[in-house]
Structure formats: structure tokens, C-alpha cells
> 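Below is the structure I would like to discuss, written out as C-alpha cells.
Just so we're clear, the structure is a prediction, and the values are computed from it rather than from any experiment. Both ligands and their constituent atoms are indexed starting at 1 by order of listing.
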Amino acid sequence: MTITYQDLYLKARNALSGAGIEGAQLEAREILCAAAGKSPEQLYRDLSLYTTEAIAEKTEALLARRLAGEPVAYIVGEWSFCGLPFYVSPAALIPRIDTEMLAQLVMNRLKEYEGHTRVLDLCAGSGCIGLTAAAYLKNTRAVLVDLSDGALDLCKRNIRRHKLTGRAVYLKGDALQAPSHALGQFDVLVSNPPYIPSGDFPSLDASVKDFEPLMALDGGEDGLDFYRAITKLWMPALKPGGHLLYEVGIGQAEKVAWLLVKAGYENIRITRDTGGIDRVVEGQRPKEWEAPDLLHTVPGEEPPAEETPEPQ
Ligand code: GLN
């Protein structure tokens with residue numbers, strides 16, 4: 001049987017749209033490109049050519065995985081973020097379009113400085129945030145930190161892919177522990193940490209719950225474990241005046257902003273994503289850091305404990 005790339009493409013597209021997949025057209029193209037080892041441009045050029053039995057079989061196999069619910073990004077092994085291609089694997093979250101806002105704000109903050117800048121991407125996953133900054137800003141050096149070996153392997157491959165070996169490094173580290181002094185200090189610390197409250201897992205989308213790594217999603221009981229730890233423990237890794245930027249989940253922005261207030265950060269800002277959701281929380285380490293006055297009391301004469309107001 002002789003079939004063209006066009007036949008294969010239409011078959012894949014129809015199967016995907018028949019299964020209710022929204023981006024059927026785009027996904028059919030991605031799957032066919034991966035099966036044929038072609039770029040989208042090469043595929044469009046070759047649409048009327050005959051394909052091979054091997055490519056047809058490979059397309060079928062990839063399509064079957066997609067129809068079983070696996071995200072297309074894992075099937076094809078890469079995904080685009082801020083206009084750049086990144087390798088992805090089930091060891092890290094697939095870069096989200098919501099996160100592009102965070103990367104953009106990181107670059108805006110880095111551009112406030114003249115000369116060389118350093119950005120630390122904590123819980124880096126594929127490394128897409130820190131590497132986007134390094135790829136677009138030639139004076140920026142990026143350090144990518146993650147606890148997962150699988151994520152660090154992706155970071156390594158993405159550093160090479162974007163020819164950033166001279167300006168980007170990856171390191172194993174735990175965001176819940178204080179950083180080593182050897183890391184030095186940064187102009188910007190950015191993190192898209194795990195932030196889903198543990199109890200919310202059953203309600204997550206199947207494509208997330210069944211395929212993406214739990215370790216990258218689980219933010220503890222209220223989803224805020226990483227924000228609490230990083231805000232407090234990692235401030236010494238910021239230069240005075242340095243910026244801390246977080247991606248947060250729906251309904252978390254004010255609580256996270258409050259953590260920053262309590263830790264002494266200044267110029268706290270919340271920014272919405274394109275979907276109108278409060279998505280990025282940021283603050284600045286004070287330029288001149290003064291230890292707060294300590295209250296000296298005589299035993300037995302402690303003032304009544306102050307209620308710390310919690311945001312609703
Ligand atoms: N935004 C992701 C989701 O909704 C979660 C990302 C995270 O926990 N950092 O699945």
C-alpha cells in the first residue's frame with residue numbers, strides 16, 4: 001500500500017479530533033514530525049510524497065500513546081517555551097504557557113542591571129525558565145538547581161541544546177534546605193516550585209496526575225511548603241536589592257505575598273497571567289538589611305503573644 005504524508009497526517013488528525021483532543025491539528029503535526037524525524041517545514045514540503053511502512057507504523061504507535069492519555073510533549077520529547085525548544089521527559093513538568101509570564105518578568109528584572117547578571121532557577125525541572133533568560137540575555141549566567149537526577153539530566157541536555165555551556169550550570173540541591181555559601185549570590189532567584197496541595201491530587205487532570213512527576217507537583221498539605229522554605233532559607237542567596245520571583249497556584253498569591261512580607265522583602269508585587277489569574281508573586285531583598293530589634297523581656301513579664309494575622 002502506498003500512502004503519502006498527507007494521508008498519514010489526516011488520519012492522525014481525525015483520530016485525535018474524534019477523541020475530543022482540542023489541538024488535534026497541531027498534535028497530529030507534532031506526532032508525524034517525531035515519527036518521520038522531520039521539522040514542521042520539512043513535513044509541509046513533503047506532504048505529497050510517499051512515506052515508508054516504518055514511518056506509518058511509528059506514527060500509529062505514537063498516536064496510540066496519545067489516545068491513551070499521554071501528553072504529546074512526552075511522546076515527542078520536546079516542547080516550546082517562550083519561543084525556544086526544550087527537551088522534556090516524565091522526570092519534569094512540561095513547560096506551561098502560564099509560566100511564560102514568570103520568565104518574562106525574570107528577564108525584565110535582569111534588564112534593570114547593567115553588566116553581568118546571575119539568575120538562580122530553583123526547582124528548575126527542564127531548566128526552561130533560567131535557560132530562557134540566559135538564551136535571550138547574553139550578559140546573564142544561570143544556575144539551575146533541582147533535586148531530581150532525571151530533571152538534572154534534562155537541564156544538562158537543554159544547556160547543550162541552546163549552546164549555553166559557557167553561561168549555565170546545573171547542580172543538585174534541595175530547595176527545602178538552606179543553600180551552601182559556595183553558590184554565591186544572585187540578582188534574581190526564580191522558582192516554580194511544587195505547589196499543589198496534597199489533598200487536591202484526586203481532582204487533577206488525568207494527563208497531569210497520571211503522567212507528570214508527583215515530586216514536581218506536591219507542595220505539602222496546603223501547597224505552600226516550598227514557598228515557606230525558600231522565602232526564609234534562601235534570602236542569603238540573593239544580593240541586597242536582588243529579586244525573588246515565584247509562580248503560584250490559583251488562590252495562593254496573597255498567602256505567598258504575606259510570607260514575603262513577614263520575611264522582610266520589599267516592593268512586593270503580584271502579576272496576573274494571560275488567563276487573568278494571579279500567577280507571579282515577587283519581592284526584593286532589602287538593599288540595606290537590618291536585623292529587627294530584639295525584644296528583651298524579663299521572665300514572667302512577657303508581653304501577650306501577638307496574633308499573626310493570616311490572609312483569608
Ligand atoms: N501549574 C501546574 C499544574 O497546574 C503545577 C505546577 C507546580 O506545581 N509547580 O499542573
> Hey, are the side chains of P71 and I94 touching, using non-hydrogen atoms and a 4.5 Å cut-off?
yes
> Can G223 be said to touch ligand 1, with heavy atoms closer than 4.0 Å?
no
> Is the terminal nitrogen or CZ of R161 (NZ for Lys, CZ for Arg) located under 6.0 angstrom from the six-membered ring centre of Y87 and within 45° of that ring's axis?
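The answer is yes, since R161 meets both limits relative to Y87.
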> Between ligand 1 and P194, is the shortest N or O to N or O distance under 3.5 Å?
no
> Could K11 and E60 be called an ion pair, given the rule that one side-chain N must be under 4.0 Å from one carboxylate O?
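A salt bridge is present here (some side-chain N lies under 4.0 Å from a carboxylate O).
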> State whether the side chain of K209 and the backbone N or O of S203 hold a donor-acceptor pair below 3.5 Å, judged by distance alone.
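Not at all, since once roles are kept as given, no pair shorter than 3.5 Å links the two residues.
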> Who's the nearest protein heavy-atom neighbour of atom 1 (N) of ligand 1, and how far?
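Looking at atom 1 (N) of ligand 1, the protein heavy atom closest to it is Y195 OH, 2.8 Å.
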> What class does the angle between the rings of Y195 and Y227 fall in, given that below 30° is parallel, 30 to 60° is tilted and above 60° is perpendicular?
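Rings of Y195 and Y227: parallel, under 30°.
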> Is there side-chain contact between H243 and L238, with at least one heavy-atom pair below 4.5 Å?
no
> Name the closest protein heavy atom to atom 3 (C) of ligand 1, giving the residue it belongs to and the distance to 0.1 Å.
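For this ligand atom, the closest protein heavy atom is R96 NH2, 3.5 Å.
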> List every atom of ligand 1 that sits less than 4.0 Å from any heavy atom of P193, numbering the atoms from 1 in the order shown and giving each element.
7 (C), 8 (O), 9 (N)
> Below a 4.0 angstrom heavy-atom separation, can you tell me which part of L93, side chain or backbone, both or neither, approaches ligand 1?
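Near ligand 1, L93 shows its side chain, while the N, CA, C and O stay back.
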> Ignoring hydrogens, just give me the one of I196, N192, D205 whose non-hydrogen atom is nearest atom 4 (O) of ligand 1.
I196
